[in-house]
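Structure in structure tokens, see below.
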Protein chains: 2
Amino acid sequence: MRSDGRLTQIKDVVLRWSYPQAMSSDHNPGLSTTSEQFDRFASAILPCGISDRAFARFRSLARFDGAATGKAPLAKTGEDQIVFVASGATKLVAHATHGREQIVAFHFAGDLVSVPARAAHAYTLVALQPCALVTFPAAAFMLAARAEAGLLNEVLQRALRALDRSREKSIILGRKSAQERVASFLTIMAERIGAPQDGGCVLDLPMSRRDIADSLGLTIETVSRQFGELRDLGLLDTSGRSIVKLHDLAGLDARAGHLPVAA
Amino acid sequence: MRSDGRLTQIKDVVLRWSYPQAMSSDHNPGLSTTSEQFDRFASAILPCGISDRAFARFRSLARFDGAATGKAPLAKTGEDQIVFVASGATKLVAHATHGREQIVAFHFAGDLVSVPARAAHAYTLVALQPCALVTFPAAAFMLAARAEAGLLNEVLQRALRALDRSREKSIILGRKSAQERVASFLTIMAERIGAPQDGGCVLDLPMSRRDIADSLGLTIETVSRQFGELRDLGLLDTSGRSIVKLHDLAGLDARAGHLPVAA
DNA sequence: CGTAAGGTTGATCAACGTCAAGCGCCGTGG
DNA sequence: CCACGGCGCTTGACGTTGATCAACCTTACG
């Protein structure tokens, strides 16, 4: 953690920036200064041995954004962007015709997201919670990264992990029933943001049923019904809109239609 | 193109290797020597200024495989692999329960593929045509690449392109009708392997209807019916099992349900 | 405590999967 | 060169899953 600051304290005066309402969430407290945001980025992504020069370069490339729930935090710069989620949670939404939306991925604090500007479909990054984001223009980021093999390697590993997750999503969307999709979603979320609790696992989902539906290629009604069925099976309980208690991870995994390695 | 060889000619004697039946395909002629395969990999992936030492390192890590149509060319080493498709075409297949299969991606000559060994689902790389493949253990490849920023950058760019394609597939699988899926598939294939012909485009698809179905999350019957409907609409004609003539790329794109950039 | 957005539940419908039969392409052998 | 046979593709009839439409209920927040 490079919290001693370097040139961060200089820029703080200029860049200090308060969030619309990101500050008051007790769940994902916002970061009060841009240097805290950038330090979090640096300690997660930049290699320890990075040169002062490169460190300063990334500092100057960074744009700091915050966003309230439901808002699209990114300015449309017309070019690809790399986004670090310093705190909060986001969804990457793709738009098809007739207002149909497909959520391509969810991201949580510490994640790095590649947001393409031009593709066959338009993409929007949207906040699920109050968020603190550090944004870079992708081209300049890559250029600055060329000198730092450790950094390139870190970004590559993360890109490959994102690719794996996207492939898993393809299987879910292409070949699974509604129940298998919901079960898969829950096991994946359990792994990413689950809190273990007496043999099971508790989730506080930051996304709505609509988000879940748009992520799984289903409708909210179908998602709701499947939650109901899984509850009837004794695999989970829900409380309020966002709390899900998973009683039997193994049972859920069995319903997810996975086929663990080896044909 | 580094065809002068360096140490390739030395190893040829040891590694020269003939393909089961990959040699006689007039469509995608195999490469007769491992040095031809490796040179193709080197010129596509390795940066020009790479050191002799690093070049030799990759040469020694490479495994050379060929495979007849329908065969799985990769030995199950139990670790992640990086595969370069020197010639031919492959599919990356994921397996779910009940023998359900989802094709996660197609690859053609010049493509680099990341094949994970352990994930929630099992993956198999399968040849669509006689293939020449250059395979590396992923961990060792990454280690060797750390010293070469240009190479890391190239691999990263390709990984990001693969991620974009996978995300596009998520949209197709999650939110599109059967007809939109088939139309999307055809426009994507037109871009990747299409041969322009009087205003339209001719495809010689290396994959079967079953492959197309397994890629789009449909059944072969549905794929067949949609080909029929698109033919009735005057958008395409088929001839034999693999030739598809696309008359109207724009019309096809309109049926694909894309929403070009900007919400 | 009231209200609006989000979530649940039920009834109906359509798209696509399933099952089944027939056709045509293409490699093989005469 | 043509006849044969098998596999892959096409086409049709029917069933099932999940979307759609609609009403009601709950939760969280002012």
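Here is the naming used below: chain letters follow the sequence lines, and residue numbers restart at 1 for every chain. All figures in this text were calculated on a predicted structure; none of them were measured in a lab.
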- Message: For A:Asp214 and B:Arg175: C-alpha separation, side-chain torsions, deciding distance, then whether salt bridge (Lys or Arg N to Asp or Glu O under 4.0 Å) applies.
- Response: CA-CA 8 Å; A:Asp214 283 345; B:Arg175 282 287 175 247; 3.0 Å; yes

- Message: What is the distance, to the nearest angstrom, from the CD atom on A:Gln179 to the P atom on D:dT17?
- Response: 12 Å

- Please determine if B:Arg209 forms a cation-pi arrangement with B:Phe227, meaning its NZ or CZ atom is less than 6.0 Å from the six-membered ring centre and no more than 45° off the ring axis. yes

- Query: Counting just side-chain N and O atoms, does B:Ser224 come under 4.0 Å of either OP1 or OP2 of D:dC9?
  - Reply: no

- Message: Heavy atoms only, 4.0 Å cut-off, all strands: where does A:Arg209 land among base, sugar-phosphate and nothing?
- Response: sugar-phosphate

- For A:Ala178 and for B:Gly228, find the nucleotide of DNA chain D with the closest heavy atom, then tell me which residue's nucleotide is more 5'. B:Gly228

- Query: For the base of D:dG12, is there a side-chain donor-acceptor partner from B:Arg225 under 3.5 Å away?
  - Reply: yes

- Message: Could you tell me if A:Ser239 and A:Lys245 have a donor-acceptor pair between their side chains, going purely by distance under 3.5 Å?
- Response: no

- Message: Judged by each residue's nearest nucleotide on DNA chain D, which is more toward the 5′ side, B:Phe227 or A:Gln226?
- Response: B:Phe227

- Nearest-angstrom distance from the residue atom CG of A:Leu205 to P of C:dG6: 16 Å

- Task: In whole angstrom, give the distance that lies between atom CD of B:Glu229 and atom P of C:dC16.
- Result: 9 Å

- Task: Using a 4.0 Å heavy-atom cut-off across all strands, classify B:Leu218 as base, sugar-phosphate, or nothing.
- Result: sugar-phosphate

- Rounded interatomic separation in angstrom, taking NE2 from A:His98 and P from D:dA19: 16 Å

- Query: Of B:Leu216, B:Val223, B:Leu218, which is the lone residue that meets side-chain contact (heavy atoms from CB on, under 4.5 Å) with B:Phe185?
  - Reply: B:Leu216

- If you check the A:Arg241 side chain, which of C:dG24, C:dA5, C:dT18 turns out closest? C:dA5

- Query: Rounded to whole angstrom units, what separation is found between the CZ atom of A:Arg210 and the P atom of D:dA19?
  - Reply: 12 Å

- Whole angstrom value for the distance that separates C1' of C:dG6 from CD1 of A:Ile212: 12 Å

- Please check if any side-chain donor atom of B:Lys169 sits under 3.5 Å from a side-chain acceptor atom of B:Ser215, or the reverse. yes

- Please tell me which of the listed nucleotides, C:dC26, C:dG17, C:dG10, lies nearest to the side chain of A:Glu221? C:dG10

- What's the closest nucleotide to the B:Thr222 side chain, out of D:dC9, C:dG17, C:dT9? C:dG17

- Item | Gap between atoms CG and P, on B:Asp237 and D:dT10 respectively (whole Å) | 13 Å

- Spacing of A:Arg231 atom CZ relative to C:dT9 atom P, expressed in whole Å: 6 Å

- Task: May I ask you to verify if any side-chain N or O of A:Thr219 is less than 4.0 angstrom from the OP1 or OP2 atom of D:dA19?
- Result: yes

